[in-house]
There are 2 protein chains.
Amino acid sequence: MTTIKDVAKLAGVAVSTASYALNGKQKISEETRRKVFEAAKKLNYQKNGFASDLKSKSTKTIALILSDLSGPYYSQLIQGVQDVSYENGYNLVACSSFGGYNSTAVKFLMEKRVDGTIVFAHNIENDLLVQAAHESFPIIALDRSIESDHIVSIEVDNEQGGYLATKHLVELGHKHIAYVSGPVTTHDNILRFKGYQRALKEHNLPYKSKWNISGNFTREGGYNAAKLLISQKDLPSAVFFANDEMALGGLRAFKEKGIEVPKDISVIGFDDIQLAEYTRPSLTTIRQPKYEMGALAAHILYQLLKGEETENFYKLSTELIIRESTKILT
Amino acid sequence: MTTIKDVAKLAGVAVSTASYALNGKQKISEETRRKVFEAAKKLNYQKNGFASDLKSKSTKTIALILSDLSGPYYSQLIQGVQDVSYENGYNLVACSSFGGYNSTAVKFLMEKRVDGTIVFAHNIENDLLVQAAHESFPIIALDRSIESDHIVSIEVDNEQGGYLATKHLVELGHKHIAYVSGPVTTHDNILRFKGYQRALKEHNLPYKSKWNISGNFTREGGYNAAKLLISQKDLPSAVFFANDEMALGGLRAFKEKGIEVPKDISVIGFDDIQLAEYTRPSLTTIRQPKYEMGALAAHILYQLLKGEETENFYKLSTELIIRESTKILT
DNA sequence: TAAATGTATCGAAACGATTCAATAACGTAA
DNA sequence: TTACGTTATTGAATCGTTTCGATACATTTA
């Protein structure tokens with residue numbers, strides 16, 4: 001590989017001069033600048049990014065860490081981050097935390113290969129983030145709440161979302177509302193469930209534990225949960241699936257058993273994934289402001305990188321999207 | 001930030017000893033190893049990735065360059081790349097070529113911030129790839145064909161796909177088959193169109209230019225193209241949309257005008273995007289082997305990085321997926 | 001006991017850029 | 001002519017690692 005040394009030699013100038021010329025940083029005569037660029041072109045010179053970063057201690061790049069790079073779920077979030085990064089003239093790379101401690105994500109976090117990062121990956125523990133964060137390496141943690149210097153947390157108000165979903169069903173006249181949960185220990189699930197309970201209580205509806213079924217946040221899980229509900233004696237008149245994927249599985253299960261949605265049973269999901277609008281019936285759900293979340297995260301990160309002050313906790317609210325899968329109880 | 005120097009000092013050993021201990025590379029006594037790790041932990045030492053990369057000239061990381069990070073379209077491709085990368089113990093980062101010459105992608109390409117790269121982004125020109133590729137920096141170019149050292153091209157057989165789609169319609173008895181094209185200059189579109197023409201010719205069907213409408217590969221474009229077809233006098237009995245997005249737009253246009261698919265008109269797409277199976281009617285289409293493409297690309301890249309020989313051109317074939325949007329002409 | 005062998009540790013050079021402080025070159029004012 | 005200011009150029013130090021070759025010391029072998 002050709003280095004700046006080679007360029008300098010060919011151009012007949014000092015290495016430092018070549019560097020100044022190439023970066024346009026200091027007064028360099030038109031004449032030598034030309035010579036340097038000519039030499040660089042002739043040698044097909046390209047600077048070594050590492051060497052440059054090492055010296056200048058800045059990469060003008062941030063990383064977005066996701067638990068799964070390939071998830072269509074993230075698409076809008078990424079868009080938000082991307083747009084704001086572009087505006088700020090920063091580079092963006094995405095990497096996955098798949099593989100836990102050996103993952104690309106952890107490598108980027110620990111070895112500071114970027115100027116800062118946005119983390120949306122629950123398989124990375126809080127401790128690790130706390131350890132990695134630093135004055136010169138701010139971290140934005142999405143969908144969790146961490147109390148630590150140089151870390152800003154952004155959460156969607158899952159409790160409010162759970163409440164909204166349940167309230168919608170209640171207002172349609174439903175009194176028997178099942179809740180299909182995600183993994184019971186997850187932050188998201190706990191809060192959504194809390195919102196569900198709050199709405200029930202507020203409307204004086206009893207909570208029945210037999211209507212709380214675990215679905216694991218997967219399509220398959222939702223399918224099985226719905227099957228289980230059906231096989232129990234009295235079917236509720238509405239089901240709140242704690243995410244859309246599970247709701248999709250649920251819709252399939254109901255269809256297979258000849259139970260019509262929304263005629264026989266109302267279904268509501270959570271997330272508003274892209275597919276939600278294309279299912280038959282289309283899915284009523286709680287929209288998470290994903291684009292906004294990404295944009296906000298990036299925005300705050302750039303503020304921190306500029307040394308500005310910010311809050312260290314933000315909460316975004318959700319929105320009820322009414323489609324065809326819920327209707328008034330007759 | 002604390003450096004290895006600090007660690008060495010605290011542990012009372014030489015810098016080189018600390019490095020050996022931390023990396024487990026050379027014989028180091030249990031005693032000093034312990035001292036070094038203790039010091040590192042106490043100081044919360046984390047190595048500087050740049051410095052390390054600079055010296056060792058390898059990052060154990062590859063980049064996947066996409067024209068749009070957020071596109072759900074890429075999901076399976078990414079999955080393929082990710083799986084193979086994980087098997088090979090390499091790190092993967094994804095970056096976008098949005099922004100052209102100022103994009104993150106170009107920075108990664110030119111400054112060699114990774115060991116090699118897979119490029120699936122048409123807004124990066126061949127010349128740039130040729131310039132960036134190097135013995136120590138192999139590039140896999142997807143969906144285009146480049147003749148150059150250290151670049152391997154992988155293409156989906158678009159011509160065959162176009163042929164397959166058209167043949168399917170012909171075999172269903174259709175004689176009047178429209179083609180809704182993408183941007184006319186794009187590689188993909190040209191080949192798909194070629195396949196369409198070959199199938200027509202092979203079955204002695206005439207090609208009518210009024211049935212070749214431009215749809216720009218977008219949903220909106222497909223919608224407008226379908227509208228245009230409808231407003232022309234004689235409607236064809238089948239339409240081949242050069243991608244699924246346009247087909248989606250087309251379906252909407254037909255529905256709005258009360259033209260039933262597939263009763264009144266058959267529709268076929270190209271790509272087999274995730275939504276294709278959820279539209280009403282679900283979409284008959286040509287599946288591109290995206291996962292396989294990603295996996296193959298990664299596989300070849302790792303072969304090159306190991307210094308092994310490979311072909312420098314690969315072609316993958318497509319598959320007809322029959323769903324509800326096409327039927328026998330009655 | 002001296003020589004040979006082996007092991008753990010160390011010092012210094014290197015990677016390829018950036019940047020500070022020093023110098024050279026040159027025109028201008030005194 | 002000398003002194004000075006300005007501007008373009010340079011040499012050398014530096015960033016934080018890795019790694020080569022040297023060294024010191026302990027152990028085995030002849």
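Reminder, nothing fancy here: chain letters follow the sequence lines and each chain counts from 1.
Annotation: side chain to side chain donor-acceptor pair (under 3.5 Å) contacts of B:Ser85 (sequence neighbours excluded): B:Tyr302. Applying the side chain to side chain donor-acceptor pair (under 3.5 Å) rule to A:Tyr86 yields no partners; only residues at least two apart in sequence or on another chain are considered. Under the rule for a ring-ring contact (aromatic ring centres under 6.0 Å, His included), B:Phe108 has no partner lying at least two apart in sequence or in another chain.
Look at CZ on B:Arg113: it is 12 Å from P on C:dA17, rounded to the nearest Å. For the pair A:Lys27 NZ and C:dT19 C1', the computed distance is 17 Å after rounding to whole Å. In this structure, the NZ atom of A:Lys5 is 13 Å from the P atom of D:dG11, given to the nearest Å. Rounded to an integer number of Å, the gap from A:Asn48 CG to C:dA14 C1' is 13 Å. The nearest whole Å value for the distance from the NZ atom in A:Lys112 to the P atom in D:dT17 is 11 Å. Rounded to an integer number of Å, the gap from NZ of B:Lys57 to C1' of D:dG16 is 15 Å. Per the geometry, CG belonging to A:Asp53 stands 14 Å off C1' belonging to C:dC15, to the nearest Å. Between the CE atom of B:Met1 and the C1' atom of D:dT17 there is a distance of 15 Å, rounded to whole Å.
Checked against B:Glu155 for a side-chain hydrogen bond (donor to acceptor under 3.5 Å, both in side chains), the options B:Arg144, B:His187, B:Lys315 give a single hit: B:His187.
Side-chain atoms of B:Asp188 and B:Thr186 include no donor-acceptor pair closer than 3.5 Å. Side-chain contact annotation: B:Asn123 with B:Ser67, donor-acceptor N/O pair under 3.5 Å absent. A side-chain donor from one of A:Thr59 and A:Asp115 sits under 3.5 Å from a side-chain acceptor of the other. A:Ser29 and A:Thr32 form a side-chain donor-acceptor contact under 3.5 Å, judged by distance and modelled atom types alone. There is no side-chain donor-acceptor pair under 3.5 Å between B:Gln131 and B:Asp127.
Rounded to 10 degrees, the angle separating the terminal axes of the helix from C:dT1-D:dA30 to C:dA30-D:dT1 is 70°, with each axis obtained from five end pairs.
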Listed pairs, N/O of protein and of nucleotides 25-28 of chain C, under 3.5 Å:
none

Distances under 3.5 Å between nitrogen or oxygen atoms of protein and nucleotides 18-21 of chain D:
unit_1 : atom_1 : unit_2  : atom_2 : d
D:dT18 : OP1    : B:Asn23 : ND2    : 3.3
D:dT18 : OP2    : B:Ser19 : OG     : 2.7
D:dT18 : OP2    : B:Asn23 : ND2    : 3.1
D:dT18 : O2     : B:Lys55 : NZ     : 3.0
D:dC20 : N4     : B:Tyr20 : OH     : 2.7

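Atom CD of B:Glu308 has more than 12 neighbouring heavy atoms from other residues, nucleotides or ligands inside a 6.0 Å radius.
Heavy atoms of B:Ile28 sit under 4.0 angstrom from primed sugar atoms or phosphate atoms, though from no base atom.
Because its NZ or CZ atom is not both nearer than 6.0 Å to the ring centre of A:Tyr20 and within 45° of the ring axis, A:Lys25 does not count as a cation-pi partner of that residue.
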